[in-house]
Structures are given as structure tokens and as C-alpha cells.
There are 2 protein chains.
Amino acid sequence: MTGRPTSRDVAREAGVSQSTVSLVLGGKWTGRVSPATAAGVRAAAARLGYRPNRAARNLRLGTTRTVLLMVPSLTSPFFGPVYRGAARVAARHGFGVVVYEWPDLPGPAGSPFAAPHEAIDGILASSMAVEAVGGFPGTPAVMLDSDPDGPVPSVGLGVADGMRAIIAHLAALGHTRFGHVAADVDQWTFHSRADALAAAVGAVPGGALVRAGCAIDVASAKAAAGRLLDGPHPPTALVCDDDQISAGAYKAARARGLDVPRDLSVTGFDDVLLATALEPELTTVRLPAEDLGAAGMAALLELLDGGCPAPRTLPGELIVRSSTAAPPRGTR
Amino acid sequence: MTGRPTSRDVAREAGVSQSTVSLVLGGKWTGRVSPATAAGVRAAAARLGYRPNRAARNLRLGTTRTVLLMVPSLTSPFFGPVYRGAARVAARHGFGVVVYEWPDLPGPAGSPFAAPHEAIDGILASSMAVEAVGGFPGTPAVMLDSDPDGPVPSVGLGVADGMRAIIAHLAALGHTRFGHVAADVDQWTFHSRADALAAAVGAVPGGALVRAGCAIDVASAKAAAGRLLDGPHPPTALVCDDDQISAGAYKAARARGLDVPRDLSVTGFDDVLLATALEPELTTVRLPAEDLGAAGMAALLELLDGGCPAPRTLPGELIVRSSTAAPPRGTR
DNA sequence: CTGTTAGCGCCTTCAT
DNA sequence: ATGAAGGCGCTAACAG
């Protein structure tokens, strides 16, 4: 016998029929196949090193047991953990996860159909516009870190609460003049951060807010932070939409001879690896990326099961490190 | 008609038989089907939004057109681009890529069989021991950034040349006392870096080398770099196995009041995002991650095609930034 | 309790 | 130039 053993080979080896093999190996034989026979089948399968042919099973069942995870960028350290959490939960249910990078570019980016994995049972779309899943009409989908009021179920991240926690922390330190170094990315998560930030600053007595947008990269962030620092009303604290942006803010500060945190406080968002690689270590909001992937996958599996997953929001957590301090004297 | 249209539906719509549809859509109809019929079939397929069923095709053809990419970590910013390069080339040939994170833990880590994607045509294994693909006997595999003398074809990275370039650069600056902050990871790529480094230092007149091992994380790297700096023969340049390790080296230096690069030069490896986020920006060796994925996939496709891919090595490139300078006076 | 049978959708000879 | 038929490996009715 050359090639992989089939269930027929196992049946022959065990001296039973194919259907018995299928029943036993499918785990639904209790009360229908004698324990002795079942044991024989198992032994035969083990002896032959049998593994079911996935394509055949998929064809028969009309299901692929595969979920597509769409992320805006694979380079960002945020999505590795999202994948890991999703894959872990999926594996427990016999599902696989294929990841597809959907560049969040303006305009009609390459259709997701360009992905060779058109055979998909469901979609998990992280941090992108709901339109992204529009390309798969009828395919069950769950959005991650997205507008909870959208047409598809979603698992959210407490980004608004995170922003409020940042401002509360900064206000308690004595800051009133805030600068928002904002990611110029049209995603719900960033709009949400901006809105929460503006509202929170509005609630601080004497609070003032200036804003500069940038792309999510260090150079662009440095330029944006620089514009704020050189402006007519330089802030004493720079609130950044993302840890990477904070790295740019650090650079802008140092280029102007400003010490972080003595002369300028800086905060980040996400708490990826970068946050502790920087000096000083970054005060930021930790987002539970792996839990997000896991909860999203759980919701999607529930959806595939015919259920109706309840909306969930996973809270962020303010991690105070060394990039924030009271504003310099004379600036309050 | 509910559900996805099948080739039979297309046949009916076009008024032809299934086999004609298969011929036309399979692209091998020239001289066997009249152009008019072919056009009709195409139109019908388009009208119905027909897409071939992957499971059925896989079953019939005995191939999955799917490749497994095994990486040691999804969190490292290095592997995102590897995936991207591999997926790009794969897509051009109608192949999909599923990524599997194989934690490079000591001992018998979870077998790759735990991966739900047992249906795989080939394997691309990046930066790991050749044993990793041992779990898939008979499956064509290509190793990336691994021992070129192993039993399977591989695409290498010029890490040894990179190390030599670093030492040449540092030696030209006047350094003779080097410290290697080494990743304590049992991978060919790190052994290769260590060997090349030792050999290069040996060729520097008066060259001396001390070494400390660490895990690939900032805190561990900081401790290791600290041990070197506090040792009896403190180096004037710290050569790090990885950009992330360099971040730890920066911290160790600053904790001791040492300025980089005035009092201490530091180099990295990989040139990931972190390299320009740090301050000062890191002198490092850029490794072409995306090219690596692309070249690896090209080699694997050639292998699947019955060919015998020639071994390749992609060169790294020394990127001189601001973390290296001449050693402080009196230390030569 | 176990075996027989009928497809899932596709591709590929073979016959027309 | 086109159609009919068979089977890839599996599962789930239905018989026995």
C-alpha cells in the first residue's frame, strides 16, 4: 500500500466495514458498536497511522472547519497575540485559522477574494471597517475592536475607558494642556479613542486639547508631535494613539531638548513590546490582544453553531510606568 | 437555487455539460471547445458568481494547494514580512499559506500534528531546528534561515557576513574589546552569528571578546549586558544578536550612566521597527525578511513541481545609524 | 450491533 | 467539438 491509508484500509485491517470505522473514529459509536470492535478499529487506525482526509470530509460535510482572520497588518506586534488566542480556541474545536492581511489602504484595496482561501466557514475581522467583510456576503463574521453598533456581532476593547483612565491619571498629576498625537487611520477604534479623549479633557477644569494626526510610524509621529510642541499652546502631556506613535513623540521631545517625563509626559496605547523597550518605559493602556482573539473566536463558533453571541467588551488596563510625571512648574 | 452554484449549475445555465465547463474554466480548452461555447460558459459562470469548490477539487486532485509556514513566534516583527513574502508568491500560483506558530521551547513541544491543518502540500519552516519538519515525513519542505547543510533544501540569510560587517565597522572605529550579548536560543542562525563573531574578533589585532547569554526579551538582555559591563574586562562595544536585545543593552548602559554611543557602542541585528524607534537609532544588519519568505516559497513550489531548488543565501546589509562611534579615549 | 449504499463537486478518460 | 460516466475518501441514511 503506497500513499496515505484511507478509512477503507483501516476497515480491511480491522476486519470491519468503512462505516464502522467512520462511526468509531467520529466518536459517535456509543451504543452502536461493540467496545471490542471499537478497540480493534482504533488499534488498526493507529497501526496504519491513519489520518482522515480533510478534503473528503469537507466535501461530504459541506464545511471546511476553517476560519479566516483578517488583520490590517501582520507587522504590528498587536496581531500576533490576537492570532494566537483565536487559533488556540479554534484548535480546541477542530477548526483551523488562516490569516489574511488586508491592508487598510484608502480606496478599493485588493478584494479579499484574491485570497486563495475562498473556502471558509467564518470570518474574524480585526480592527477594520465593517465593509471589509462585505466581500463575503452570507458568511458568518465577527468583528474585533470595531463599532459595536455595526451589523455583525463584535467583541470590543475598552478603548474609551482606557483613554479616560489616561486623562484621569494625567489630570491627577496636574496636567491641563493636552496634545493628542492621533493616528490618521479611519478605524472605529481610533475614532473612539479621539472622542473619549476629547470628552475627558473637556471634563478637566481648565483643560485644553490640541491635536495632530499622523500615520502609524515613528517618523510621521515625530513630525506630528513636533508640530504640537512648536505650536502656540504647547501641551505638557502628549497622549498618543499607539505605542509606536509614542516612540515618535519621544524623539520629537528629545530633539527639542525636552526630558520625558520631567518636561513632558507621554502616554501610549496597546502595551506592546515597544513600551518597555523605550526609555523611559512607557505609561500606556494594556489591551488584552490574546483574549480578544480568543473571545472573538468563541463568539464566531457560537455563531456558526446557530447561536447569537452576546456582545462583549474586554477592558484595557492603565499601566503606569516612567513616562508620566507632574508638569514642570510654571506651566499649570 | 440556494447555496453556492456548482459547476453543474453553470453547465445548465450555459446549456452545455459539466465536463465542458470544467475544461473551459480549467483553461485547457483550446482546440477542444469552440470559442463561442467557451465564451458562453464564462458568461454563465460570471452571471452565477461561480467559484469552484475547493474541497471537491482537492479531493479529486489529491492536492490541497496549501503550504504550512512554521514560525517560532508570531509576536516577533520579523515573521510578519516573511509571511507576506511567502503569501505573495504562493498566491501567484494559486496556493494558500497557513501559518503555524511552533514555540521553540526546549523539550518535546506540542507536536505540529496538533495543528488542524494536516492537509498540506508542503512546509516552509523558518528559523528552527530541522527536527521541526520531522513530524511530517514525506512532506516536501524548505527551511528558512537554517543550517544549509541539513537534509532539506534551504534558503539562508547571510548572517555570518552580517556579523563580519559589524566587526569590521566597529574595528574601523577603533574598538578592540567586544561584548557579545547572545540569544540563548538553540537555532542555527544564532550559532552561526556567534561563530562568525568569534572568528571576526579573533582577526582583529588585540581583539578580545566576552560573552553573556540571554533570552530574547528586553529584561533578560539588560541583565546580560549588565554582567558584561560590570565584568573585569568591560567591552567598549556590545554586539547584540537581535534588535530587541539591543534595547536591553541600551538600558543596561543608561542604568550605569553610560552614554550610547559616546561611552559604549551598541549594534543590533535584523533591523526591525524597533531599530529606528530607539534613541539613538540603532546600527544594525538589515535582514530581507520579505525576500526570504518569497524565495523560500519559490523554492518550495519548485520542489513540489519535481524540481531541485538550488540553495540560496540572501545577503544582509549593514545599516549604520547613531549607536556606534569611536571608543572613549584611554580605552584602546 | 454492523454492513450496504448513495452521494458531496470536481476532473478526466472514453465514447460519441 | 461535446457528453456520459466513474471515482477521489468520507459520512449518514437505511437495511439487515
Side-chain angles (χ1 to χ4, degrees), chain A residues 1-42 44-45 48-66 94 116-121, chain B residues 1-42 44-45 48-66 94 116-121:
Chain A
M1 183 195 57
T2 174
R4 254 168 66 163
T6 74
S7 68
R8 220 157 94 161
D9 297 322
V10 176
R12 196 157 28 216
E13 173 86 7
V16 298
S17 82
Q18 256 189 83
S19 54
T20 305
V21 173
S22 180
L23 244 31
V24 172
L25 266 27
K28 37 181 100 174
W29 56 280
T30 20
R32 299 207 273 173
V33 175
S34 78
T37 314
V41 169
R42 299 218 130 104
L48 263 35
Y50 168 76
R51 323 216 73 230
N53 180 313
R54 213 149 207 276
R57 159 179 278 176
N58 289 345
L59 178 57
R60 182 66 237 261
L61 264 21
T63 179
T64 60
R65 295 192 92 72
T66 297
H117 292 282
E118 62 267 12
I120 284 296
D121 284 343
Chain B
M1 184 195 56
T2 173
R4 257 169 63 164
T6 74
S7 69
R8 219 157 95 164
D9 297 323
V10 176
R12 196 156 28 213
E13 173 84 8
V16 298
S17 82
Q18 258 188 82
S19 52
T20 306
V21 173
S22 181
L23 246 30
V24 172
L25 266 29
K28 33 182 103 172
W29 57 280
T30 19
R32 298 205 274 174
V33 175
S34 77
T37 315
V41 169
R42 299 218 130 103
L48 262 36
Y50 168 75
R51 324 217 72 228
N53 180 313
R54 212 150 210 277
R57 158 179 277 173
N58 289 345
L59 178 57
R60 182 63 174 79
L61 265 23
T63 179
T64 59
R65 294 191 92 72
T66 297
H117 293 283
E118 62 265 13
I120 284 297
D121 284 343

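The shown structure was predicted, so the numbers you read here are calculated from the model rather than taken from an experiment. Naming: A, B, ... by sequence-line order, numbering from 1 per chain.
Two end axes, each from the C1' atoms of five base pairs, can be drawn for the helix from C:dC1-D:dG16 to C:dT16-D:dA1; they diverge by 50°, to 10 degrees.
Side chains of A:N58 and A:T64: a donor-acceptor N/O pair is absent below 3.5 angstrom, by distance only.
Applying the side chain to side chain donor-acceptor pair (under 3.5 Å) criterion to B:R60, with sequence neighbours excluded, gives no partner residue.
Closest approach to the B:S34 side chain among C:dC10, C:dG3, D:dA1 is made by D:dA1 (side chain taken as heavy atoms from C-beta onward).
The nearest whole Å value for the distance from the CZ atom in B:R54 to the C1' atom in C:dC8 is 17 Å. Atoms CH2 (B:W29) and P (D:dA1) sit 11 Å apart, rounded to a whole Å. Distance CZ (A:R51) to C1' (D:dG9): 15 Å, rounded to an integer number of Å. Taking atom CG on B:L59 and atom C1' on C:dG7, their separation rounds to 12 Å, with Å as the unit. Protein atom CG of A:N58 is 18 Å distant from nucleotide atom P of D:dC8, rounded to whole Å. One atom, CZ of B:R4, and another, C1' of C:dC8, lie 13 Å apart when rounded to the nearest Å.
A:T66 places none of its side-chain heavy atoms less than 4.5 Å from the side chain of B:R54. Inter-residue side-chain proximity for B:V16 and B:V21 is flagged as met; some heavy-atom pair is nearer than 4.5 Å. Using a 4.5 Å cut-off on side-chain heavy atoms (C-beta onward), B:L25 and B:Y50 make contact.
Atom CZ in A:R42 sits 12.0 Å away from atom OG1 in A:T37 (nearest 0.5 Å). To the nearest 0.5 Å, atoms CD (A:Q18) and CZ (A:R12) are separated by 9.5 Å. Between the OG atom of B:S7 and the CZ atom of B:R51 there is a distance of 14.5 Å, given to the nearest 0.5 Å. We find the CZ-OG distance between B:R57 and B:S22 to be 8.0 Å, quoted to the nearest 0.5 Å.
For the OP1/OP2 pair of D:dG3 and a distance below 4.0 Å, the side-chain nitrogens and oxygens of B:S17 include at least one atom meeting the criterion.
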How would you summarise protein contacts on nucleotides 11-16 of chain C per nucleotide, using B for base, S for sugar-phosphate only and - for none, with heavy-atom distances below 4.0 Å? BB----
